[in-house]
Amino acid sequence: MHSTQPISVGILGATGTVGQRFIQLLENHTFLRIAALGASERSAGKTYREAASRSWKQSSPIPSAVADLVVLPCKPDHFAECRIIFSGLDADVAGEIESHFQAAQFAVFSNAKNHRMNPLVPLLVPLVNADHLDVIPHQRAARGLDKGFIVTNANCSTTGLVVALKPLQDAFGPLARIIVTTMQAISGAGYPGVPSLDILGNVVPHIGGEEEKMEAEVAKILGSVRGDGGGFAPLEGLRVSASCNRVPVVDGHTESVFIEFERRPAPSVEEVVAVLRAYRPEALTLDVPSAPAHAVVVLDEPDRPQPRMDVLTGGGNSVVVGRVRPCSVFDVKFTLLSHNTILGAAGSSIMNAEIAVAKGLI
Ligand SMILES: NC(=O)c1ccc[n+]([C@@H]2O[C@H](COP(=O)([O-])OP(=O)(O)OC[C@H]3O[C@@H](n4cnc5c(N)ncnc54)[C@H](OP(=O)(O)O)[C@@H]3O)[C@@H](O)[C@H]2O)c1
């Protein structure tokens, strides 16, 4: 039984695709309690049920505990009873609003891109680099805060990739070159997202800014905390080339990954599979209730993973890998699948908060 005292949380962007997932995942949480919901002026003043009735696209109904909450403007004064703020805000507004909440001494866990590359903000993938939270005391000191901070999670397609790369880097690194081709679900574009006439029976070979985000974020996440705790040392030498596609899948980003190691001889397929299966990141050793039993699940079937069958593996918080095989150009290649709004967004934010609580930062 989890012994942490209940902590009140607020959700910004609560009406959006990521915000809805926060609400669904937190419905029965052991110690996080939803106390306040925020969205734009279009939604503020309405009950959550009224504000989100058209856009709610989850497979379970709006939880009764939030349906009658009145949606608030995203201003810190309205969230006074909360200690943690989860943000699923649109990137056009997230940067400034999240900074206001940080300055008002909230622990902010963001899904937006705005603060991800800030040198004092952890770009935290809970199943990869929980140690990057060591920079929080420095972030607070630099801003003159005693409680407030911002942590971001990664782009949804970056997240699945780094969970698979981290154990391989630790066991067989350095990694030399990665090529990744993504097949990304439409829920990744939010609601209403991609028009149906653009995506049904089609593939769109462009997602604005996505390839650049993947290529930049991997080095920060796989890098280390500097010795003085004052920032991050990005991983050097690794070259990543991403090619991103939107496909007519509702949930789950699939990625074809091609890896070249520096080490010669390169590890065998059997060694790669064994290391992926044995991967036990720090989050799985802490009291993190949302952590899956296995960070990476490797399937043996020749035609898996598939989003329809595998996307909820580990409650949507595991990365599913299959088709691990030799690569005739690089060393090894495989297919991976991760849930873009659970591990790729709200699920990671919740685990990041649970890790921060376990480490005494909240
Ligand atoms: N979807 C994914 O798989 C995914 C994965 C990882 C990261 N992300 C990131 O997460 C964020 C949210 O994505 P999403 O897919 O959930 O988007 P979305 O469905 O478009 O939702 C956006 C949310 O932001 C709110 N908002 C918009 N303008 C606002 C304003 N001026 N003031 C306050 N709130 C405002 C909206 O409220 P109203 O309903 O009132 O307009 C809505 O709640 C984005 O930064 C996105 O890049 C998304």
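Along the sequence shown, residues are numbered consecutively beginning with 1. In each ligand, atom 1 is the first atom listed, and ligand 1 is the first ligand listed.
Here the side chain of T159 pairs a donor or acceptor atom with the backbone of N155 at under 3.5 angstrom. In terms of modelled atom types and a separation under 3.5 Å, the side chain of Q105 and the main chain of G148 share a donor-acceptor contact.
Look at A94 and you'll find every heavy atom at least 4.0 Å from all atoms of ligand 1.
Protein heavy atoms are absent from the space less than 4.0 angstrom from atom 47 (O) of ligand 1. At least one protein heavy atom sits closer than 4.0 Å to atom 5 (C) of ligand 1.
Ranking the protein heavy atoms by distance from atom 26 (N) of ligand 1 puts S40 CB, 4.1 Å first. Protein heavy atom closest to atom 16 (O) of ligand 1, with residue, atom name and distance, is V18 N, 2.8 Å. Atom 19 (O) of ligand 1 has its closest protein heavy atom at T17 N, 3.0 Å. In terms of protein heavy atoms, atom 39 (O) of ligand 1 is closest to T15 OG1, 2.5 Å. Of all protein heavy atoms, the one closest to atom 45 (O) of ligand 1 is L89 O, 2.9 Å. Closest protein heavy atom to atom 24 (O) of ligand 1: D90 N, 3.3 Å. For atom 21 (O) of ligand 1, the nearest protein heavy atom (residue, atom name, distance) is G16 CA, 3.2 Å.
When heavy-atom distances to ligand 1 are checked against a 4.0 Å cut-off, P73 has no atom that comes that close, whether in backbone or side chain. The parts of N111 lying near ligand 1 are both backbone and side chain, judged by heavy-atom distances below 4.0 Å.
E98 and S87 form a side-chain donor-acceptor contact under 3.5 Å, judged by distance and modelled atom types alone. Under 3.5 Å, the side chains of E255 and T181 contain no donor-acceptor pair of N or O atoms. Checked by atom type, the side-chain pair T47/D68 shows no donor-acceptor distance below 3.5 Å.
Heavy-atom proximity to Y191, at under 4.0 Å, picks out these atoms of ligand 1: 19 (O), 20 (O). Counting the atoms of ligand 1 from 1 in the order shown, those under 4.0 Å from a heavy atom of G344 are 5 (C), 6 (C). The distance from ligand 1 to the heavy atoms of V93 drops below 4.0 Å at these ligand atoms: 29 (C), 30 (C), 31 (N). Those atoms of ligand 1 that come under 4.0 Å of a heavy atom in A39, given as number and element, are 33 (C), 34 (N), 37 (O), 40 (O). Residue S187 approaches ligand 1 through these ligand atoms, each under 4.0 Å from one of its heavy atoms: 1 (N), 2 (C), 3 (O). Interface atoms of ligand 1 facing A345, defined by a heavy-atom separation under 4.0 Å, are 5 (C), 6 (C).
Between D77 and K75, no side-chain nitrogen of the basic residue sits less than 4.0 Å from a carboxylate oxygen of the acidic one, so the salt-bridge criterion is not met. Between R277 and D300, at least one side-chain N (NZ, or NE/NH1/NH2) sits under 4.0 Å from a carboxylate O, which counts as a salt bridge. A salt bridge is absent between D146 and R140; no separation between the charged side-chain nitrogens and carboxylate oxygens falls under 4.0 Å. Taking 4.0 Å as the cut-off between side-chain N and carboxylate O, D131 and K359 do not count as a salt-bridged pair.
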Trace of the ring-ring contact (aromatic ring centres under 6.0 Å, His included) decision for F79 with F101 = CA-CA 9 Å; F79 291 76; F101 276 83; 5.3 Å; yes
Would T15 and Q20 count as a side chain to side chain contact (heavy atoms under 4.5 Å, CB included) if you check the C-alpha gap in whole Å, the side-chain angles of each, and the deciding distance to 0.1 Å?
-> CA-CA 6 Å; T15 49; Q20 292 175 19; 5.8 Å; no
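Every residue meeting the ring pair (Phe, Tyr, Trp, His ring centres under 6.0 Å) condition with F232, not counting sequence neighbours, appears here in chain and number order: H132.
Between the choices G88, S43, G190, A91, the shortest heavy-atom distance to atom 22 (C) of ligand 1 belongs to G88. If you check each of K46, R42, K113, K213 against atom 27 (C) of ligand 1, the one with the closest non-hydrogen atom is R42.
Backbone and side-chain nitrogen or oxygen atoms of A112 are examined, and none is located within less than 3.5 angstrom of a nitrogen or oxygen of ligand 1. Ligand 1 has an N or O atom lying under 3.5 Å from an N or O atom of N340, backbone or side chain. The shortest N/O to N/O separation between C156 and ligand 1 does not fall below 3.5 Å.
Sorted by first and then second residue, the ring-ring contact (aromatic ring centres under 6.0 Å, His included) pairs with a member in residues 283-305 form an empty list; sequence neighbours excluded.
Taking CG of L361 as the reference point, atom CG of N352 lies at 11.5 Å (rounded to 0.5 Å).
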